[in-house]
Amino acid sequence: YQRRVREKRNTIVIGASCDTPEVHFAWLNTPKDNGGIEGVTYPILADSNRNLASTLGILDITNETYNEETGVVTVEGDNVTYRATYIIDEEGNVQHESINNMPLGRNVGEYLRLIDALTHVQEKGEVCPANWEEGKDAMNANRDGVASY
């Protein structure tokens with residue numbers, strides 16, 4: 001995955017999790033066939049204080065309460081992140097966001113398709129319709145373009 005994204009798509013991949021840098025190091029030193037992520041070369045952000053996940057609204061929590069007397073925040077839920085993926089353009093604008101519940105895996109092929117579609121839109125100014133794939137026809141974003149498509 002990381003090779004296909006970097007070589008062909010001029011895209012930067014950054015991972016993030018609520019685990020510590022030490023846990024990431026352990027994963028990076030564990031073979032994939034043993035549950036690890038050995039061979040991953042993109043950076044992985046350690047969001048162990050959950051600030052990023054909280055800001056993005058992707059924590060599995062409900063009923064967050066703050067006790068002013070003790071300064072303690074209490075939450076219900078697992079306090080772990082959902083599986084989220086963001087595609088952000090060169091200007092820092094979010095072009096795509098997807099958030100999956102815990103048991104739902106992501107589709108890397110779909111993210112590659114979305115990156116290809118964004119590149120097509122940027123380069124050609126055409127709209128990529130549903131199920132568009134690289135090399136297929138796109139359309140102009142107007143009445144005539146839709147009609148001719």
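The first residue in the sequence is number 1, and the count goes up from there.
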Study note, to complete from the structure: Hits for salt bridge (Lys or Arg N to Asp or Glu O under 4.0 Å) against Arg113, two or more places apart or cross-chain, chain-then-number order -> Glu110
Practice item. Report the residue from Leu118, Ile115, Thr119 that forms a side chain to side chain contact (heavy atoms under 4.5 Å, CB included) with Thr11. Key: Ile115
Review point. Got a sec, which pairs hit salt bridge (Lys or Arg N to Asp or Glu O under 4.0 Å) with one end in residues 116-130, sequence neighbours left out?
Key: Arg9-Asp116
Review point. Considering only heavy atoms from C-beta outward, does the side chain of Leu114 approach that of His96 to under 4.5 Å?
Key: yes
Point to revise | Residue list, side-chain hydrogen bond (donor to acceptor under 3.5 Å, both in side chains) with Tyr82, at least two apart or on another chain | key: Asp60
Review point. What residues form a side-chain contact (heavy atoms from CB on, under 4.5 Å) with Glu91, not counting sequence neighbours?
Key: Asp89, Asn93
Exercise for review: For residues Leu45 and Leu52, determine if any side-chain heavy atom of one lies less than 4.5 Å from a side-chain heavy atom of the other.
Suggested key: yes
Just distance, no hydrogens or angles: give the donor-acceptor pairs under 3.5 Å from side chains in residues 135-146, sequence neighbours left out.
| unit_1 | atom_1 | unit_2 | atom_2 | d |
| --- | --- | --- | --- | --- |
| Asn142 | OD1 | Asp144 | N | 3.2 |
| Asn142 | OD1 | Gly145 | N | 2.6 |

**Study point:** side-chain hydrogen bond (donor to acceptor under 3.5 Å, both in side chains) partners for Glu22, two or more places apart
**Key:** Thr20
Revision key, fill the gap. Glu64 meets the salt bridge (Lys or Arg N to Asp or Glu O under 4.0 Å) criterion, sequence neighbours left out, with none
Point to revise | Contacts of type side-chain hydrogen bond (donor to acceptor under 3.5 Å, both in side chains), residue Ser98, not counting sequence neighbours | key: Tyr111
Practice item. Output all residues satisfying side-chain contact (heavy atoms from CB on, under 4.5 Å) with Asn131, sequence neighbours left out; order by chain, then residue number. Key: none
**Study point:** Close side-chain approach of Asn79 to Leu59, heavy-atom, < 4.5 Å
**Key:** yes
Practice item. Among residues two or more places apart or on two chains, list those pairs meeting ring pair (Phe, Tyr, Trp, His ring centres under 6.0 Å) that have a residue in residues 114-149. Key: His120-Trp132
Revision key, fill the gap. Applied to residues 11-39, the ring pair (Phe, Tyr, Trp, His ring centres under 6.0 Å) test, sequence neighbours excluded, yields His24-Trp27
Study note, to complete from the structure: side-chain hydrogen bond (donor to acceptor under 3.5 Å, both in side chains) filter on Glu97, not counting sequence neighbours, yields Tyr86
Practice item. Could you tell me whether the side chain of Asn29 reaches within less than 4.5 Å of the side chain of Glu38, counting heavy atoms only? Key: no
